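Everything on this sheet refers to the single structure shown next.
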Amino acid sequence: MISFEPSEDQQLIVSTVAEFAKTTLAPREREFEKARGLPADVRKAAQEMGLAGALVPEALGGQGLGLLTALLINEELAYGSASAVYALPGFGAFFLAALELGSDEQAGALLAPYLAPEAHDRFGAVAWSEKAPNRDGPGFVTTAKKTADGWELVGQKSFIGNARLADTFIVFAQVDAKAGWSGIGAFVVRKDNPGLKVGPRHDTLGLECAEFGEITLESAKVSASDRLDGRGDFTAATLRFFTKYSLLIAARQVGLARSAFDIAREYCDIRKAFGKPIGHFQAIAFTLADRHIDAESARDMCRRAAWAWDAGKDEKLALLWSAQAIAHSHEVAMRCSDDAVQLHGGAGFMRDVIVEKQMRDAKQIALTGATAEQMDQLAAALEIGGPLDPALVLPTPETQAVFT
Amino acid sequence: MIEFELNGTQRMLRDALSDLGKNVIRPNSLAWDRKKEIDLDFLRTFYNMSQAMKGDTNPMEDFQEGTSAKRDPTKPVQTNRTAAVGAETLAWADASIMLSLPGAGLGGPPVRASGTPEQKERFFSIFRDMSQELRWGAYGLTEPGAGSDVAAIRTSCRKEGDHYVLNGRKCYITCGGRASWVVIFATVDPKLGRAGHRAFVVEKGTPGFFVGKIEDKLGLRANETAELVLEDCHVPADNLLGGEEKYQTKEGFMTAMKTFDNTRPLVAAMACGIGRAAYEYARDFVKDNYVLGRPIPRYSAIAEKLARVNRGLEAARMLVWKAVWMADHHIPNAKEASMSKAAAGQAAIRACIDSIEICGAHGSLATDHALLEKWFRDIKVYDIFEGTGQIQRVVISKRLLSNLKAF
């Protein structure tokens with residue numbers, strides 16, 4: 001059946017999270033921005049709500065609510081503060097990477113420390129991107145070499161969310177240089193590894209809550225069991241990881257877009273010019289109508305994609321719908337936040353109003369996970385058919401590097 | 001629960017119409033376009049087929065009044081969702097068919113919404129058995145001087161004994177020439193605005209009621225668009241839709257508008273269908289004709305164009321589904337109906353334009369790849385009829401902003 005109504009459980013979760021976003025996140029957005037991170041009390045409150053385990057299957061110690069419910073939660077949180085979601089446990093790249101790339105046993109062990117009620121101070125991270133492309137051929141510059149009892153990693157990784165806070169990293173590196181993008185692997189590197197150096201934090205356009213940074217691996221040794229093999233098909237698992245993670249990010253863009261739209265709409269109701277509210281001019285009203293169409297369509301595209309994953313639909317269809325939803329949501333969030341600033345006129349440019357921050361955040365969010373351009377190439381590749389070349393469908397740093 | 005699965009009937013309908021589209025409709029589509037007429041034999045066969053599927057699940061219900069079962073207004077139905085699936089698929093095959101289907105057409109909704117029981121029986125009964133002769137109804141609102149601004153209609157009506165005398169011209173009337181009756185909107189006094197509006201069912205053969213010119217159009221050429229002329233046309237008072245008392249309020253105008261809340265998402269669904277047809281054609285053209293094995297840099301630009309077209313159509317389809325889902329649950333959906341129409345019209349036009357672009361010169365040939373050229377012509381009107389894209393934005397923004405009555 002075609003139905004747009006969330007289940008009763010979902011409605012309850014959404015209203016609880018929306019209340020948290022409204023009372024705790026939204027009013028403190030500027031405070032978070034200034035602190036360049038999410039204060040412990042907020043993270044604690046989120047952890048107590050059990051948000052961390054929403055996505056994790058019950059068998060692995062989570063609540064097993066599924067991707068769609070996680071998506072609804074992400075949207076509502078981002079309606080309050082999109083930036084804050086990046087500093088909350090549960091929905092980050094680390095959780096998705098552990099679930100998709102690790103075996104059940106590995107994922108359970110990797111995630112358990114973050115599910116505990118007192119784990120609000122713990123972070124995991126995914127190290128994917130590198131600052132410069134590999135000039136010797138396709139693949140990462142960072143290498144993983146086999147040793148007698150495991151692997152040795154050498155290289156530098158960038159654009160890593162929570163890099164300075166994380167105690168566990170999932171690091172992507174080149175295992176087989178000749179195999180190009182089909183020859184990559186993922187490894188668990190812990191903070192106490194003597195070969196791991198955490199670099200300075202990146203100073204960024206927006207998303208101040210997310211501690212983006214870099215790490216250097218100087219012969220970092222890990223054991224054989226620290227390799228995550230993607231349950232057999234590593235490329236497919238990596239693609240699933242990026243797609244599902246990016247879908248949750250798309251939901252954040254939808255939340256941000258809705259919020260920017262609501263703020264702009266309200267302003268157009270009260271701001272007067274030429275003797276009437278500016279919303280009563282067609283140029284303004286039609287802009288609002290278009291942005292409303294944008295936000296609403298992006299929202300339901302995301303929901304359909306998440307539903308497809310949860311319902312176990314054909315993976316190519318789930319990937320296609322996800323790619324479409326992600327690309328659309330990134331563009332929509334940019335348009336909605338841009339127009340929210342525009343409709344405020346000069347006032348929108350000032351930091352008294354939150355829309356300028358939403359505009360900065362939207363741009364940067366569009367570079368976390370896979371980008372719209374990358375997702376369009378994935379969607380086209382799925383539609384045109386043939387094998388999915390990892391060099392094309394993964395967000396490799398040869399063209400647009402992405403934050404994870 | 002949030003889900004996006006077609007039910008059994010909808011899947012069956014989609015598959016049946018797809019097959020029919022591929023094997024019967026599309027092979028004839030160009031010939032119908034060129035001779036500006038869909039074969040009556042085909043329409044009769046199609047009508048008989050759809051009769052076999054009547055009831056709550058009849059996708060053509062809105063277009064074939066008289067076949068629909070009585071509904072319990074408190075219970076959700078599937079009708080609108082099923083109709084959207086049917087409309088999209090049929091338009092994917094050929095959009096002109098949808099508009100040329102025998103039955104009450106756009107005339108159905110106002111009669112159903114405002115007609116007295118006697119009128120409903122009288123006007124819908126002629127569609128009940130069309131095995132011998134196909135019949136159509138039509139909807140006459142637009143005039144040469146009143147399009148989007150429907151309140152500005154000038155067609156006049158005055159009472160004379162047990163008749164009304166109508167004078168004026170109606171234009172761009174779908175199936176207007178062949179219709180057995182047309183719902184005609186007229187005014188008792190233009191100064192009264194909407195309050196002066198009256199809706200009449202004017203039957204073919206009524207003295208003073210003529211078919212004017214049959215229009216020559218950019219697209220949807222196989223579908224008849226007619227001008228109607230009313231010269232001292234004597235319409236029985238019994239044909240005043242809903243009877244005299246219905247017009248003590250603004251009801252007359254509301255009757256005209258109510259039609260659109262139900263039909264706009266279906267028109268949007270049709271646009272999605274045409275857009276999808278063009279997109280699939282371009283996608284398959286790329287697969288079959290381009291040397292994808294060679295690393296030609298321009299291919300990624302084509303890939304991106306294809307992806308953008310496709311996701312634009314998917315976004316519109318989500319809005320369509322949302323609007324019809326609301327209609328099925330009896331939730332007011334004027335805003336959502338307009339959103340779906342505004343988005344689908346634009347997305348599908350984009351799809352048709354870009355699909356030709358992707359195919360290059362081949363795409364504009366009216367011989368080898370003629371369907372693409374036809375869809376390009378057919379789609380434009382989807383951002384115009386049933387309210388232009390601009391009017392949709394008026395409807396939407398009135399529901400977004402406070403105290404916005406008019407611009």
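Worth knowing before you read on, the calculation uses all heavy atoms, side chains too, and leaves out hydrogens, waters and symmetry mates. In the text below, chain A, chain B and the rest are named by the order of the sequence lines, each starting its count at 1. Bear in mind that the values here come from a model prediction, so they are computed numbers and not experimental data.
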Please classify the contact between [X] and chain B as side chain, backbone, both or neither, with a heavy-atom cut-off of under 4.5 Å.
X: Leu288(A); answer: both
X: Glu8(A); answer: neither
X: Asp310(A); answer: neither

Checklist entry - Which atom pair, heavy atoms only, marks the closest approach of Asp269(A) to Ser402(B)? => result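 Answer, listing the atom of Asp269(A) first, then Ser402(B): OD2-OG, 2.6 Å.
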Name the option with the most non-hydrogen atom pairs under 4.5 Å to chain B; the candidates are [options].
options: Arg265(A), His328(A), His292(A), Met375(A); value: His292(A)
options: Ala325(A), Ala327(A), Ala306(A), Ala298(A); value: Ala327(A)
options: Met301(A), Lys313(A), Arg303(A); value: Met301(A)

Would you find a donor on one side and an acceptor on the other, under 3.5 Å apart, between the side chain of [X] and the backbone of [Y]?
X: Ser246(A); Y: Gly369(A); value: no
X: Arg81(B); Y: Ile2(A); value: yes
X: Tyr299(B); Y: Val291(B); value: yes
X: Gln392(B); Y: Glu386(B); value: yes

Item to check | Under 3.5 Å side-chain donor-acceptor pair for Trp181(A) and Glu398(A) | outcome: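 Present: a donor and an acceptor within the cut-off.
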Item to check | Side-chain donor-acceptor contact under 3.5 Å, Tyr279(B) with Asp354(B) | outcome: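 No, because no side-chain N or O of Tyr279(B) sits under 3.5 Å from a partner of the opposite role on Asp354(B).
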Checklist entry - Is there side-chain contact between Arg393(B) and Asp290(A), with heavy atoms separated by less than 4.5 Å? => result yes
Item to check | Glu315(A) side chain near Trp309(A) side chain, heavy-atom distance below 4.5 Å | outcome: yes
Which bit of [X] comes within less than 4.5 Å of chain A, counting heavy atoms only: side chain, backbone, both or neither?
X: Val324(B); result: neither
X: Leu401(B); result: both
X: Arg317(B); result: side chain
X: Leu319(B); result: side chain
X: Trp321(B); result: both
X: Leu292(B); result: side chain

Heavy-atom pair count under 4.5 Å with chain A, highest-scoring of [options]:
options: Ser340(B), Ser300(B), Ala343(B), Ala316(B); value: Ser300(B)
options: Gln390(B), Gln346(B), Glu280(B), Lys398(B); value: Gln390(B)
options: Asn310(B), Ile302(B), Asp284(B), Asp328(B); value: Asn310(B)
options: Arg311(B), Arg283(B), Glu336(B); value: Arg311(B)

Checklist entry - Can the ring centres of Phe91(A) and Tyr245(A) be said to be less than 6.0 Å apart? => result no
